[in-house]
S.K.: 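The following block contains the structure, expressed as structure tokens.
The sequence lines fix the lettering, A, B, ..., with proteins before strands; numbering per chain opens at 1. All values below come from the heavy atoms of this structure, side chains included, with hydrogens, waters and symmetry mates left out.
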Protein chains: 2
Amino acid sequence: METKSRIIETATALFQLKGYKGVGLNELLRECKITKGSLYHHFPNGKEELLIACLHSLNESITAQIEGIFAHYPTTLEATEAMIDMLIGQYEKTGTIIGYTVSSMVSEMATLSAPVRTACAELYYNTQAIYSKKLMAEGFTESSAQSIAVSLSALVEGGMMLCLAQKSSEPLRTVSDVLPKLLRN
Amino acid sequence: METKSRIIETATALFQLKGYKGVGLNELLRECKITKGSLYHHFPNGKEELLIACLHSLNESITAQIEGIFAHYPTTLEATEAMIDMLIGQYEKTGTIIGYTVSSMVSEMATLSAPVRTACAELYYNTQAIYSKKLMAEGFTESSAQSIAVSLSALVEGGMMLCLAQKSSEPLRTVSDVLPKLLRN
DNA sequence: GTCTATACGACGATAGAC
DNA sequence: GTCTATCGTCGTATAGAC
């Protein structure tokens with residue numbers, strides 16, 4: 001069981017960094033220090049089964065982390081700013097954004113594999129639920145809260161894409177600056 | 001020359017649909033009804049050179065189309081709404097978003113190939129310049145206009161990603177509804 | 001549960017005839 | 001400028017020993 005979770009952890013990072021199709025099994029095995037036999041023992045249906053396991057794992061960890069941040073800050077604005085700050089910090093430390101986006105998997109696989117698409121959609125749904133809940137606690141109506149929650153996740157996901165293209169954390173900083181406009185009534 | 005532009009056109013659509021790594025040369029050749037010899041005559045440096053040509057071509061067509069829309073509507077709000085409406089229409093007609101995003105190329109290649117990353121960054125830069133110019137004409141300060149322009153492109157790009165994951169045009173509709181919050185002073 | 005060995009197709013790219 | 005033929009590599013996946 002420890003091997004299985006190590007595979008998932010390593011594969012998740014690699015998939016986020018290089019995309020699903022960009023990671024060969026050999027590279028993954030080298031990184032995990034295991035062999036094909038072991039991989040196919042844990043994931044009999046191969047690479048796509050592994051990807052879905054990675055997405056479920058990402059879903060849990062991202063949801064937990066965002067929930068933690070949102071529990072710690074009194075307002076949605078402060079919580080979202082803190083979340084983006086964390087993304088920026090991670091980007092500046094590592095040069096990429098690992099652990100907080102499934103964009104590469106969405107754009108690569110959403111039109112090709114229904115199970116993968118569903119797993120990505122669940123992740124977006126969960127984070128939007130966290131945003132939405134806090135917005136309603138602040139007095140937004142349900143429909144307004146849901147609209148803003150969807151927009152927040154679009155803004156953050158798009159902001160990460162811009163950072164990758166520009167090779168700079170500036171887009172996420174800008175997005176963070178604009179949040180007050182979006183979050184006032 | 002006619003062959004070359006047909007290759008670019010076909011390849012652009014395929015890359016956007018299935019991602020760069022997801023499109024094999026054989027599939028592309030079949031679709032274009034040409035052979036390897038011809039492809040490598042026009043693109044001696046192979047697939048990545050073709051990708052960059054596609055990105056430049058996309059850059060021109062997207063910029064022109066957005067410029068057209070922004071010239072036609074009096075306010076940034078109306079223009080952006082019209083642009084998103086067009087994306088939604090295209091999505092509902094074809095089931096995917098082809099011709100208006102480079103997300104898949106960014107997330108697949110941005111960390112791997114500098115020329116590809118640069119070509120994507122240029123596209124974002126050009127569209128943001130269009131937004132920004134119109135915002136300034138409406139009285140926004142330069143720094144405010146630029147912040148909003150970056151956020152608009154993040155919002156649209158992220159919105160498309162959510163649509164693909166959810167298999168629904170709803171996220172883009174929601175994003176469109178939220179625009180007034182972002183665009184008022 | 002992990003290993004080695006292997007199958008076999010697809011990949012991007014090249015050479016050379018026409 | 002377009003064709004065919006072919007190269008070497010790497011892709012995912014499987015079989016079977018330990």
S.K.: Once side-chain hydrogen bond (donor to acceptor under 3.5 Å, both in side chains) is applied, do any residues pair with Glu92(A), and if so which ones, sequence neighbours excluded?
M.R.: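 Only Ser169(A), Arg173(A) meet the side-chain hydrogen bond (donor to acceptor under 3.5 Å, both in side chains) criterion with Glu92(A).
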S.K.: What is the distance from CG of Leu50(B) to P of dA13(C), rounded to the nearest Å?
M.R.: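 Interatomic distance, CG of Leu50(B) to P of dA13(C): 10 Å.
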S.K.: Taking only the side-chain nitrogens and oxygens of Thr3(A), find out if one of them lies under 4.0 Å from OP1 or OP2 of dT2(C).
M.R.: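 Yes, within the criterion.
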S.K.: Less than 4.5 Å apart, side chain to side chain, heavy atoms only: is that true for Leu162(B) and Glu157(A)?
M.R.: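 The answer is no, as the side chains (C-beta and beyond) never meet within the 4.5 Å cut-off.
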S.K.: In whole angstrom, what separates Leu28(A)'s CG from dC10(D)'s P?
M.R.: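 From Leu28(A) CG to dC10(D) P: 17 Å.
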S.K.: Atom NZ of Lys21(B) to atom C1' of dC10(D): distance rounded to whole Å?
M.R.: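 Roughly 13 Å, once rounded to whole Å.
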S.K.: Rounded to whole Å, how long is the line connecting atom OH of Tyr40(A) with atom C1' of dA13(D)?
M.R.: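 Spelled out: OH on Tyr40(A) to C1' on dA13(D) is 5 Å.
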S.K.: With rounding to the nearest 0.5 Å, note down the distance linking CG in Leu179(B) to CZ in Arg184(B).
M.R.: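 Between Leu179(B) CG and Arg184(B) CZ, I get 12.0 Å after rounding to 0.5 Å.
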S.K.: How about Glu27(B): does its CD atom have over 12 heavy atoms from other parts shown lying under 6.0 Å from it?
M.R.: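 More than 12 heavy atoms, drawn from other residues, nucleotides or ligands, come within 6.0 Å of this atom.
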S.K.: Between dG1(C) atom P and Ile7(A) atom CD1, what is the distance in whole Å?
M.R.: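 Going from Ile7(A) (CD1) to dG1(C) (P), I get 11 Å.
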S.K.: What integer distance in Å separates Glu48(B):CD from dC11(C):P?
M.R.: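 Computing the Glu48(B):CD to dC11(C):P distance gives 18 Å.
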S.K.: Can you tell if the side chain of Gln16(B) reaches within under 4.5 Å of the side chain of Thr96(B), non-hydrogen atoms only?
M.R.: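 Counting from C-beta outward, Gln16(B) and Thr96(B) never come under 4.5 Å.
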S.K.: Please tell me which of Leu25(A) and His41(B) maps to the more 5' nucleotide of DNA chain D, matching each residue to the nucleotide holding its nearest heavy atom.
M.R.: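 Of the two residues, His41(B) wins.
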S.K.: So, are Glu2(A) and Arg6(A) salt-bridged, with charged N and O less than 4.0 Å apart?
M.R.: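 Salt bridge present between Glu2(A) and Arg6(A).
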S.K.: Hey, any chance Met161(A) and Ile98(B) share a hydrophobic cluster, counting ILVMFWY side chains that come within less than 4.5 Å of each other, even indirectly?
M.R.: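 Per the 4.5 Å side-chain linkage, Met161(A) and Ile98(B) are not co-clustered.
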S.K.: In this structure, how many angstroms lie between the P atom of dG11(D) and the CD atom of Glu27(A), rounded?
M.R.: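 After rounding, the reported distance stands at 8 Å.
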S.K.: Output the rounded distance in Å from CG (Leu39(B)) to C1' (dT4(D)).
M.R.: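 It works out to 15 Å between those atoms.
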S.K.: Each nucleotide N or O in nucleotides 3-6 of chain C that has a protein N or O under 3.5 Å away: list the pair and distance.
M.R.:
{"residue": "dC3(C)", "atom": "OP2", "partner": "Thr35(A)", "partner atom": "N", "Å": "3.1"}
{"residue": "dC3(C)", "atom": "OP2", "partner": "Thr35(A)", "partner atom": "OG1", "Å": "2.9"}
{"residue": "dC3(C)", "atom": "O5'", "partner": "Thr35(A)", "partner atom": "OG1", "Å": "3.4"}

S.K.: With respect to the phosphate group of dG12(C), does any side-chain polar atom (N or O) of Asn26(B) fall under 4.0 Å of OP1 or OP2?
M.R.: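 For dG12(C), neither OP1 nor OP2 has a side-chain N or O of Asn26(B) closer than 4.0 Å.
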